[in-house]
There are 2 protein chains.
Amino acid sequence: MRFEAITIKDIAKALGLSTSTVSRALRDSYEISPETKQKVIAYAKENNYRPNPIALSLKEKRSSSIGVIVSEIANSFFSQAINGIESIANEKGYNVIIAQSKEELEREDSALQYLASRSVDGILLSVSSRTSNFDHIKKLYDRGMPMVSFDCLVDFEGIHKVMVDNIKAAYEGTEHLINKGFKNIACIASSSFLSITTERVKGYTAALHKYNQPIQTNNIEYIPHGGLIQEEIYEAMDRLMNQKEKPDAILACSDRITTNVMRYCQNKKINIPKQLGLIGFSNLDLTDLLTPSLSVVRQPAYEMGRAAADLLIKMLESKRAITEFENVVIPSTLIERDSSMQIKL
Amino acid sequence: MRFEAITIKDIAKALGLSTSTVSRALRDSYEISPETKQKVIAYAKENNYRPNPIALSLKEKRSSSIGVIVSEIANSFFSQAINGIESIANEKGYNVIIAQSKEELEREDSALQYLASRSVDGILLSVSSRTSNFDHIKKLYDRGMPMVSFDCLVDFEGIHKVMVDNIKAAYEGTEHLINKGFKNIACIASSSFLSITTERVKGYTAALHKYNQPIQTNNIEYIPHGGLIQEEIYEAMDRLMNQKEKPDAILACSDRITTNVMRYCQNKKINIPKQLGLIGFSNLDLTDLLTPSLSVVRQPAYEMGRAAADLLIKMLESKRAITEFENVVIPSTLIERDSSMQIKL
DNA sequence: CTTTTTTACGCAAACGATTTCGTTTTGAGT
DNA sequence: ACTCAAAACGAAATCGTTTGCGTAAAAAAG
């Protein structure tokens with residue numbers, strides 16, 4: 001079974017013209033007489049002609065499409081970011097191809113390779129939590145594939161980057177917990193390879209330092225697969241809660257980590273926030289309905305997507321090579337709810 | 001800025017061969033001497049050669065990609081379904097292009113048109129809640145575009161369909177509420193155009209009928225945009241709760257409707273389940289963490305995606321035209337939690 | 001009534017890969 | 001020595017579209 005679309009050749013044959021004439025008529029060239037144009041356009045419309053984008057891509061060496069690689073789309077941050085990307089892309093006449101790395105290096109690489117082999121004009125990339133080595137990305141980038149890095153950033157320079165101020169975001173989250181009276185705050189972050197992890201941990205320690213709270217390395221846990229594997233988070237929680245001095249609050253540095261910490265506490269009958277305060281990075285739109293309502297650091301995913309897509313398309317459409325690379329930093333928002341309120345609830 | 005990949009021509013030139021020889025060497029043709037093959041393969045590997053899929057698509061008249069149109073990816077049901085689709089597609093060597101209709105007819109049509117113009121071999125479609133007329137879909141389908149309809153189905157026959165048993169699912173949900181002692185159960189469904197709506201309402205009324213509860217039309221609300229617009233749900237709830245005989249429980253027929261009913265109740269200080277029982281269709285993976293934990297009808301989204309993709313690819317790869325069309329019905333699951341427990345909590 | 005210009009169109013190449021149909025060379029068979 | 005076939009490769013068409021160039025006829029200029 002196959003779908004056969006009408007081509008310029010079919011029109012030419014039907015109207016007794018050459019393909020060049022038809023092509024020019026459709027593009028409203030001055031070399032074609034008004035009558036011929038009229039005939040061609042009418043016939044094309046009638047038969048629902050649409051130029052074959054594949055033939056166009058082959059000829060023009062561009063596909064008018066951009067690729068997006070994220071860890072998974074079933075993640076509120078990324079689905080919101082993709083909405084932002086699409087809003088810009090549609091506006092500018094590009095279409096979007098989405099690929100998921102599922103937090104695996106091999107899938108990231110194969111997605112990159114597929115997109116690279118000419119089907120897309122450029123790539124928006126948020127690296128997976130398993131990406132400790134960025135050579136496969138840098139290689140492709142150096143060979144001329146336009147790319148913009150967003151959220152989980154690549155480690156090299158000379159590339160546009162879009163991010164939140166992770167240090168500040170984590171600092172504010174931690175500070176909020178401190179202000180609410182928590183004395184022994186732990187931090188659960190994503191894989192240690194990621195820039196967002198190191199920055200968020202940096203913000204966390206900076207806040208502790210500022211308020212003269214001790215910084216204990218055994219209060220910092222890293223989750224290798226960024227929360228995709230529930231077990232990893234449960235194990236981290238076990239380690240934290242089995243210490244002599246249990247933490248009394250937790251800063252959870254990703255969506256999946258946050259929800260799985262809540263689930264752990266529910267299973268273990270740990271009351272939030274009485275026994276354990278919690279604030280988490282999350283873009284879920286029903287954190288207000290959770291029990292207790294969840295205090296979150298919210299990333300402006302939609303805006304980040306828009307900014308990244310905008311940078312990429314500007315890059316694609318610029319004549320000369322880019323020499324100045326931007327680091328777009330978009331502010332995050334702290335939303336204080338019940339999960340971080342120690343005293344009264 | 002543009003990315004230039006290595007082509008078969010480059011290899012031919014570098015090795016002093018013709019493009020035909022290179023092509024054959026890479027495809028391991030018997031007409032090429034082992035030594036030449038060796039040289040070509042080595043050079044190709046070294047220079048990271050990858051066949052240009054666009055050129056291939058043009059020649060083969062197929063793109064090895066399938067399109068998926070859903071209302072929005074930021075919806076747990078669809079993102080899970082897409083995961084299922086991708087799992088099959090990757091297995092069979094297809095890649096997936098995702099488009100969102102955002103519950104708008106125009107966006108659905110333009111997505112369809114784009115995908116149609118030869119960039120995809122087939123389409124998996126869940127129609128938008130604004131789609132009251134299916135002509136644009138049927139037209140394309142009749143012109144030979146392979147399609148499989150899943151979840152929100154098209155209204156015509158002669159096409160593969162993948163769905164849950166909506167009547168049974170709604171029946172079981174309603175029955176569960178009845179068994180828990182609720183006496184005046186309302187139903188909030190998606191737009192009245194959709195087959196899933198009529199079927200779920202049918203299941204709801206069937207259960208009421210079976211247990212001798214009165215069926216009141218003013219207890220059935222339809223949400224034009226399927227829940228994408230929060231206001232529409234709030235207004236429906238207002239209508240329901242301002243009746244003389246308020247409902248004591250609600251069957252919410254989509255993810256967005258369910259969560260927005262909860263949000264409404266929270267705003268209006270309506271206690272679930274004491275004042276209002278609730279069971280909802282939902283695929284969110286944290287309904288267990290809500291307050292109260294949410295009773296749900298869960299659709300097997302991943303399996304539905306797999307089934308739909310499987311049918312489509314079988315269709316694409318079958319030599320002769322399909323004459324038998326399948327209606328794949330996949331069972332849903334009822335998960336009983338606190339939101340539907342009237343007596344004790 | 002020529003010559004030049006304009007008008008309106010067709011031819012063919014190009015994009016990258018595959019494939020059908022040659023073509024050349026070598027070696028075996030008679 | 002002659003035929004024939006196998007082995008190893010190349011030329012060219014094809015997919016759908018655009019575009020530089022060529023060219024016929026018609027119109028304008030001389």
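Each chain gets a letter, A, B and so on, in the order the sequences are listed, and its residues count up from 1. Everything numeric in this text was worked out from a predicted model, so none of it was measured.
What you find for Ile32(B) and Thr36(B) is that their closest heavy atoms are CG2-CB, 3.8 Å. Ser65(A) and Tyr94(A) make their closest contact through N-CD2, 3.8 Å (heavy atoms, listed as atom of the first residue, atom of the second, distance).
Atom P of nucleotide dA12(C) and atom NZ of Lys9(A) are separated by 14 Å, given to the nearest angstrom. Look at CG on Asn52(B): it is 12 Å from P on dC15(C), rounded to the nearest Å. Rounded to a whole Å, the CD1 atom of Ile11(A) is 12 Å from the P atom of dG16(D). One interatomic measurement links the two molecules: CD1 of Ile54(B) to P of dG16(C), which rounds to 11 Å at whole-angstrom precision. For Glu4(A) and dC15(D), the CD to C1' distance is 11 Å, given to the nearest whole Å. Rounded to whole angstrom, the span from the CG atom of Leu56(B) across to the P atom of dG16(C) amounts to 13 Å. For the pair Tyr30(A) OH and dT19(D) P, the computed distance is 12 Å after rounding to whole Å. Rounded to a whole Å, the CD1 atom of Ile6(B) is 9 Å from the P atom of dA17(C).
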Ile54(A) and Leu58(A): CA distance, side-chain angles, deciding distance, side chain to side chain contact (heavy atoms under 4.5 Å, CB included) verdict: CA-CA 6 Å; Ile54(A) 292 182; Leu58(A) 184 59; 5.8 Å; no
Between Asp135(A) and Lys139(A), does a salt bridge (Lys or Arg N to Asp or Glu O under 4.0 Å) hold up when you go through it step by step? CA-CA 6 Å; Asp135(A) 286 352; Lys139(A) 204 170 153 192; over 6 Å; no
Walk me through it: do Glu108(A) and His136(A) pass the test side-chain hydrogen bond (donor to acceptor under 3.5 Å, both in side chains)? CA-CA 9 Å; Glu108(A) 178 176 289; His136(A) 58 298; 3.0 Å; yes
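Taking 4.0 Å as the cut-off between side-chain N and carboxylate O, Glu106(A) and Lys102(A) do not count as a salt-bridged pair. For Lys92(B) and Asp310(B), the salt-bridge test passes: some basic side-chain N is under 4.0 Å from an acidic carboxylate O.
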Polar pairs (N or O, both sides) under 3.5 Å between protein and nucleotides 23-25 of chain D?
none

When you compare the protein's N or O atoms with those of nucleotides 19-23 of chain C, which come within less than 3.5 Å of each other, and at what distance?
unit_1, atom_1, unit_2, atom_2, d
dT20(C), O4, Arg24(B), NH1, 3.1
dT20(C), O4, Arg24(B), NH2, 3.3

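With sequence neighbours excluded, the residues forming a side-chain contact (heavy atoms from CB on, under 4.5 Å) with Glu31(B) are Arg24(B), Ser29(B), listed by chain and number. Residues meeting the salt bridge (Lys or Arg N to Asp or Glu O under 4.0 Å) test with Asp109(A), sequence neighbours left out: none. Under the ring-ring contact (aromatic ring centres under 6.0 Å, His included) criterion, Phe325(A) pairs with His160(A), sequence neighbours left out.
Between Gln100(B) and Asn83(A), the side chains place a donor N or O and an acceptor N or O closer than 3.5 Å (distance only, hydrogens not considered).
Closest contact between the side chain of Lys61(B) and the listed nucleotides dT17(D), dG16(D), dG16(C) involves dG16(D). With dA8(C), dT18(C), dG10(D) as the candidates, the nucleotide lying closest to the side chain of Ile8(B) is dT18(C).
In this structure, the side chains of Val127(A) and Leu194(A) come closer than 4.5 Å at one or more pairs of heavy atoms.
DNA chain D is contacted by both Val22(B) and Ala55(A); Val22(B) maps to the nucleotide lying nearer its 5′ end (nearest heavy atom per residue).
Checking the phosphate oxygens (OP1, OP2) of dC9(C), a side-chain nitrogen or oxygen of Ser33(A) falls inside 4.0 Å.
Rounded to 10 degrees, the angle separating the terminal helix axes of the helix from dC1(C)-dG30(D) to dT30(C)-dA1(D), each built from five base pairs, is 70°.
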